[in-house]
Amino acid sequence: MPSSGHDPESSPSWEIQPLLRSHTRYGSTKNSDSEGGVEDVVHGTGEDFDAVPQAKRQLGLASAIFLIFNRVIGTGVFAAPSIILRSSGSVGMTFVMWILGALVAAAGTAVYIEFGTGLPRSGGEKTYLEYLFRKPKFLVTCVYAVYMMGISSMAASGVVFGEYSLHALAIETSPVNVRIMAFMSMTFCLIMHGVFFKWGVRLQNALGIFKLVVLVLISFSGLFCLVGVPGFEIKESYDPPKNFTWDEFWQGTDLSLNAFVTGMYNVIWSYIGYSNANYALSEVRDPVRTIKRAAPIAMLFVACAYLSINIAYFAVISKEDMLGSGTAAASLFFRNLYGPATSRILSVIIALSTLASNLSILFTQGRVIQELGREGVVPFSAFFSSNKPFNAPLPGLLMQWTVSVITVLVAPAGDAYLFIVNMSSYPLTMANTLISSGLLLLYTPAYKSYDWNPPFRAFKPAVVFFLLSNVFLAVVPLIPPQAGSTVYAHLPYWSHVAIAISVGFVGAGYWYVTFRWAPQRHGYKLERETVLQDDGVSRNVFKRVYPSHS
């Protein structure tokens, strides 16, 4: 938050300089000698882009991979195939949609790799939007800050964890019990990442490995059933599927625009999370090389998991069962292959998968809030940028935890909760639309002065494809639902879009008051300077400068 101090002339430097720039020249070698030894930043790694001590870069390739993998693979892999089948109408069209979704995810991954290698510091969309849209200065930062600090990304998965963990423990899944378990899981994540940093990362990685192993086992079980391996037969009381005969494969395909739009909307959201490692790049060793490897590897795992799991499900579950049952596809798979008694085992698997997602979400969102604190534009910036007392961004994690807990405890079942879930997703669509269109602008002569020359370049048609996919996600919620179906029981179908856009206006209002109205009203200007915290991490501070009267 701005405080008192001194300001430059009428055209202050922070109004005309890029918000982000390399701490030294990008790709150079930095040596800093202090008391005990020398800190080296290796040439071309991107570590010199941000003033973060080498000791704080504790994330390697595996941790970056699981930050992405755990974020993308939550509960969708267990439930989404049934939803997509209802929209597509046929098994064949379901696979077409999943493949198209993988292509969108690949394009998005390429866009975020380009930004991550060109601007290798934490913050994700915050960092990229600030670089692209520099005037009015700090407007985009203030708008983004309101979204990040006021909307929960973890509440939905917290509730899912509550439901499945209660089922695994054979405890009644009442609304109160679900809220209690959600609160406990989110608090556990806060403690692990805010107090026991290294153990939190280890647990996150271990759960990612567990999730990957489980998906491999499910995939091979389905494949063994499909080819007739002894011991992997469908129980006699259930219909054997014929989903992979050519006629059955395409039977029932729904080519209507509404069905395609609905199916693709769900598929694309199932792949969201490829940007997750970008939010924490300031803590990644050799961030340029790591993000170039981690993001493609993680998303390759994701795409293979989705396709192989769908093959497994359709090898074991008849199309009629999957369409006629309100149960998640994974439940039907375990029932048909291993018997109804395995339902609690599945609940344990889904609960642990969701816990991994919660850890991944909280880890990165806490870093984004810390970056907002380091920028100096939000209230209590020194607090939010701090790594005290456990050498972790506990204040940023605490902020996200607080908003998530309030959401879980206050939001009732029904419209309000679904509304909050949708509203937390829509801002990401808007941000992705802006950064992909901005990336295309960086290729044009008009933006030559930006000197954009990252170590990795996304294929330009992929950027266009990603932009169009996000325009699609932005427009779909504005299309009236078909007659007889509704998004909400008591709210307009477009209500979450309207509120999400309104939140942006709140951020714009905060910017206007802080950087325009208040300085003019009270006769001061703002000077921005960079200071080093006790832990060696830099942050920006605004000082108020009043004209001297001699």
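Inter-residue side-chain proximity for H193 and L394 is flagged as unmet; no heavy-atom pair is nearer than 4.5 Å. Using a 4.5 Å cut-off on side-chain heavy atoms (C-beta onward), F188 and F183 make no contact. Counting heavy atoms from C-beta outward, I317 and F333 have side chains that approach closer than 4.5 Å. Residues I234 and C225 are in side-chain contact: their nearest non-hydrogen atoms beyond the backbone lie under 4.5 Å apart. Side-chain contact between S157 and I361 is present, with at least one heavy-atom pair separated by less than 4.5 Å. Side-chain contact check for L190 versus M186: every heavy-atom pair is 4.5 Å or farther apart. Put simply, the side chain of V537 reaches to within 4.5 Å of the side chain of R374, judged on heavy atoms.
Qualifying side-chain hydrogen bond (donor to acceptor under 3.5 Å, both in side chains) partners for S469, counting only residues two or more places apart in sequence or in other chains: none.
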>> Could you go through Y306 and Y271, starting from their C-alpha distance and side-chain angles, then the distance that decides it, and tell me whether this counts as ring-ring contact (aromatic ring centres under 6.0 Å, His included)?
In response: CA-CA 9 Å; Y306 277 141; Y271 281 100; 4.9 Å; yes
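Not a single donor-acceptor pair under 3.5 Å links the side chain of D254 to the backbone N or O of G89. Under the 3.5 Å distance criterion, the side-chain polar atoms of R57 are matched with a main-chain donor or acceptor of S282.
Annotation: cation-pi geometry not satisfied between R335 and Y338 (NZ/CZ under 6.0 angstrom from ring centroid, within 45° of ring axis).
Ring geometry, F95 versus F244: the interplanar angle falls from 30° to 60°, so the pair is classed tilted.
Atoms OG and NE2, from S343 and H167 in turn, are 4.5 Å apart once rounded to the nearest 0.5 Å. Summarising the geometry, atom CG belonging to L428 is positioned 5.5 Å from atom CD belonging to E125; distances are rounded to the nearest 0.5 Å. Note that CE of M264 and CH2 of W98 are 10.0 Å apart. Values are rounded to the nearest 0.5 Å.
No hydrogens or angles considered: nothing links the side chains of S318 and D239 as a donor-acceptor pair under 3.5 Å. For the residue pair N266 / S87, no side-chain donor-acceptor distance below 3.5 Å is found, with atom types taken as modelled.
Every pair tested for ring-ring contact (aromatic ring centres under 6.0 Å, His included) that includes a residue from residues 58-91 fails, sequence neighbours excluded, so the list is empty.
Closest non-hydrogen pair, Y144 versus L372, comes out as CD2-CD2, 4.5 Å. Between K388 and P395, the closest heavy-atom pair is O-CD, 4.1 Å.
Ion pairing between a basic and an acidic side chain is recognised when a charged N comes within 4.0 Å of a carboxylate O; E248 and K319 show no such pairing.
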